[in-house]
A.B. asks: 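The following block contains the structure, expressed as C-alpha cells.
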Amino acid sequence: MDVNVTSRFGELENLYTFLVDDLADRRTDQLPFLYSPMWPITILMVYFGAVYIWVPKFMENRKPYDLKNIMIGYNLAQVVACYAIIRHFFKYGWTFEYLCTPASCPITRPTQLR
C-alpha cells in the first residue's frame with residue numbers, strides 16, 4: 001500500500017475516533033443502539049429495503065388491506081398522547097433550554113429526568 005493511502009486511512013480513523021468517541025455523551029454509553037453509528041445505519045438500510053423492495057414485491061398481486069379500524073385506534077392513541085403532552089406542559093411548565101448547558105452526570109434534581 002502506498003504511504004499516502006495509509007496516511008489517509010489514519011486520518012479517517014482519527015476523524016472517526018474524534019466524532020464517535022471523543023464527542024460522545026458518556027451518559028449514553030450503556031444505552032442500546034447508541035454506542036456505535038452502525039446501528040442506525042443498519043436499521044435505516046433494513047427499513048428502506050423493506051419499504052422499497054420487499055413490501056412492494058409482497059403486495060404486487062394482493063388486494064389492499066382494510067385498515068379502517070387500525071386507523072381509528074391509531075388516531076385515538078395520537079389524541080391521548082397529545083393530551084398527555086399538553087397536560088405535562090401545563091403541570092410542569094416549559095423546562096427546555098435553548099442554550100447549550102453542560103451535562104451533569106449525577107442526577108441531583110427530579111426535573112433532570114424529564
A.B. asks: With a 4.5 Å cut-off on side-chain heavy-atom distances among I, L, V, M, F, W and Y, is there a chain of contacts connecting Tyr16 to Ile41?
C.D. replies: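 No.
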A.B. asks: Check the pair Lys57, Glu60 against salt bridge (Lys or Arg N to Asp or Glu O under 4.0 Å), reporting the backbone distance first and the verdict last.
C.D. replies: CA-CA 5 Å; Lys57 285 182 183 177; Glu60 204 169 50; over 6 Å; no
A.B. asks: Phe58 and Ile70: same hydrophobic cluster, using ILVMFWY side-chain contacts below 4.5 Å?
C.D. replies: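 Yes, Phe58 connects to Ile70 through the hydrophobic network.
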A.B. asks: Test of understanding: clusters of I, L, V, M, F, W, Y form through side-chain heavy atoms closer than 4.5 Å, transitively. Do Ile85 and Val80 belong to the same one?
C.D. replies: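 Shared cluster, no.
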A.B. asks: Can Val51 be reached from Leu44 by stepping across I, L, V, M, F, W or Y side chains whose heavy atoms are under 4.5 Å apart?
C.D. replies: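 Yes, one cluster joins them.
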A.B. asks: More than 12 non-hydrogen atoms from neighbouring residues, nucleotides or ligands closer than 6.0 Å to CD on Gln78, yes or no?
C.D. replies: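 Yes - once you tally the heavy atoms of other residues, nucleotides and ligands closer than 6.0 Å, there are more than 12.
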A.B. asks: For Leu19 and Leu15: C-alpha separation, side-chain torsions, deciding distance, then whether side chain to side chain contact (heavy atoms under 4.5 Å, CB included) applies.
C.D. replies: CA-CA 6 Å; Leu19 291 175; Leu15 178 64; 4.0 Å; yes
A.B. asks: Does Ile53 share a hydrophobic cluster with Met45, counting links as ILVMFWY side-chain heavy atoms below 4.5 Å and allowing steps through other members?
C.D. replies: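 No, no single cluster joins them.
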A.B. asks: Rounded at 0.5 Å granularity, tell me how far OH in Tyr47 sits from OH in Tyr52.
C.D. replies: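 Taking OH in Tyr47 and OH in Tyr52, the distance rounds to 7.0 Å.
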A.B. asks: Quick one: pull up OG1 in Thr17 and CG in Leu12 and give me the separation to the nearest 0.5 Å.
C.D. replies: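 Here the rounded value is 10.5 Å.
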A.B. asks: Verify the neighbour count for atom OH of Tyr65: are there more than 12 heavy atoms of other residues, nucleotides or ligands below 6.0 Å?
C.D. replies: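 Yes.
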A.B. asks: Determine the minimum heavy-atom distance between Ala50 and Pro56, stating which atoms define it.
C.D. replies: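 The pair with the smallest heavy-atom distance is O-CD, 3.8 Å.
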A.B. asks: Kindly confirm or rule out a cation-pi arrangement of Arg87 over Phe89, judged by NZ or CZ under 6.0 Å from the six-membered ring centre and within 45° of its axis?
C.D. replies: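 Ring-cation test returns no.
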